[in-house]
Chemist: 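Starting off with a structure, shown below.
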Amino acid sequence: MALKVELKPGERIIIGESVITNDNQRTRLFIEGNAPILREKDILTAKTADSPAKRIYLAVQLMYLSKEVTKFQDEYFQFVRDIIEAAPSAIPYVTRISNNILSNSLYKALKEARALIEYEQKLISHVQPGSASVPADPADDGKPA
């Protein structure tokens, strides 16, 4: 079954090793095959990866697009150390990302990295005096079992 992707005017998408830019009208593509695919809204650059979680996402993105995990593993592990040192509560997220990388489920690892970015943003927004704590794991809603 083909993946259906609708692109807005001027929107870009990466398919395999190619960057495709849509013209000035809405377009619908049906993509078949195993090439890595990323929409523009899901792409981070070195310039936009401005936090520990975003740097992890960027490393996983590069693994996914190049299909060469080992080429980016040193940077990935350094970024993992950075975020765990800054926020040990991020360990469940990092564990899920790493498990997906180990099982060669790089797109799933990207999705988990996106969840880590959201968690990091929640942590940052709660670093204010008197704010409520944030559960370390989305499966943990803070309610007693």
Chemist: The test is side chain to side chain contact (heavy atoms under 4.5 Å, CB included); show your working for Ile43 and Ile13 and say whether it passes.
Modeler: CA-CA 9 Å; Ile43 299 169; Ile13 187 170; over 6 Å; no

Chemist: Give, for atom NZ of Lys71 and atom CE of Met63, the distance between the pair rounded to the nearest 0.5 Å.
Modeler: 12.0 Å

Chemist: Taking only residues two or more places apart in sequence or in another chain, which ones pass side chain to side chain contact (heavy atoms under 4.5 Å, CB included) with Lys8?
Modeler: Glu11, Arg26

Chemist: Can you list the steps and then say if Val80 with Ile84 is a side chain to side chain contact (heavy atoms under 4.5 Å, CB included)?
Modeler: CA-CA 6 Å; Val80 165; Ile84 289 174; 3.6 Å; yes

Chemist: For Tyr64, what residues pass the ring pair (Phe, Tyr, Trp, His ring centres under 6.0 Å) criterion, not counting sequence neighbours?
Modeler: Tyr107

Chemist: So which heavy atom on Ala109 is nearest to which on Val60, and how close?
Modeler: CB-CG1, 3.8 Å

Chemist: Around Arg114, counting heavy atoms of other residues, nucleotides and ligands shown, do more than 12 lie under 6.0 Å from its CZ?
Modeler: yes

Chemist: For atom CG of Asp50, is the number of surrounding heavy atoms from other residues, nucleotides or ligands below 6.0 Å larger than 12?
Modeler: yes

Chemist: Heavy-atom distance under 4.5 Å between the side chains of Glu32 and Phe30, does that happen here?
Modeler: no

Chemist: Under 3.5 Å, is there a donor-acceptor pair between the side chain of Ser98 and the main chain of Thr95?
Modeler: no

Chemist: To the nearest 0.5 Å, what is the distance between CD1 (Ile15) and CG (Leu29)?
Modeler: 6.0 Å

Chemist: Under a 3.5 Å distance rule, please check whether Thr48 uses its side chain to pair with a backbone N or O of Leu44 as donor and acceptor.
Modeler: no

Chemist: Say you draw a straight line from CZ of Arg96 to CD1 of Ile101; how long is it, rounded to the nearest 0.5 Å?
Modeler: 13.5 Å

Chemist: Can you list everything that forms a salt bridge (charged side-chain N to carboxylate O under 4.0 Å, His left out) with Arg81? Sequence neighbours excluded, please.
Modeler: none

Chemist: Do the side chain of Glu120 and the main chain of Ala53 share a donor and acceptor less than 3.5 angstrom apart?
Modeler: yes

Chemist: In Å, rounded to the nearest 0.5 Å, how long is the span from OG of Ser51 to CG of Leu116?
Modeler: 8.0 Å

Chemist: Kindly give the heavy-atom pair with the smallest separation between Phe72 and Ser66, and that separation in Å.
Modeler: CE1-OG, 3.3 Å

Chemist: Not counting sequence neighbours, which residues clear side chain to side chain contact (heavy atoms under 4.5 Å, CB included) with Ala59? List them please.
Modeler: Tyr76, Phe79

Chemist: So, the side chain of Arg39 versus the backbone of Glu6: is there a donor-acceptor pair under 3.5 Å, distance only?
Modeler: yes

Chemist: Hey, does the side chain of Glu112 reach the backbone of Ile97 with a donor-acceptor pair shorter than 3.5 angstrom?
Modeler: no

Chemist: Is a side-chain donor or acceptor of Asn100 paired with a backbone partner of Leu106 at a separation under 3.5 angstrom?
Modeler: no

Chemist: Taking the side chain as every heavy atom from C-beta outward, state whether Leu123 and Ser89 have any atom pair closer than 4.5 Å.
Modeler: yes

Chemist: Does Leu102 offer a backbone N or O that forms a donor-acceptor pair with the side chain of Asn99 under 3.5 Å?
Modeler: no

Chemist: Which heavy atom in Asn22 sits nearest to a heavy atom in Leu7, and how many Å separate them?
Modeler: ND2-O, 3.2 Å

Chemist: Would you check, one step at a time, whether the test side chain to side chain contact (heavy atoms under 4.5 Å, CB included) holds for Ile20 with Arg12?
Modeler: CA-CA 6 Å; Ile20 298 165; Arg12 294 187 302 171; over 6 Å; no

Chemist: Quick one: do Ile14 and Leu65 satisfy side chain to side chain contact (heavy atoms under 4.5 Å, CB included)? Show the steps, please.
Modeler: CA-CA 9 Å; Ile14 295 176; Leu65 292 173; 3.8 Å; yes

Chemist: For Lys108, check salt bridge (charged side-chain N to carboxylate O under 4.0 Å, His left out) against everything at least two apart and list the hits.
Modeler: none

Chemist: Using 0.5 Å steps for rounding, measure from the OH atom of Tyr93 to the CD atom of Glu118.
Modeler: 8.5 Å

Chemist: By salt bridge (charged side-chain N to carboxylate O under 4.0 Å, His left out), which residues pair with Asp82, not counting sequence neighbours?
Modeler: none

Chemist: Working to the nearest 0.5 angstrom, can you tell me the gap between Ile56 CD1 and Glu75 CD?
Modeler: 12.5 Å

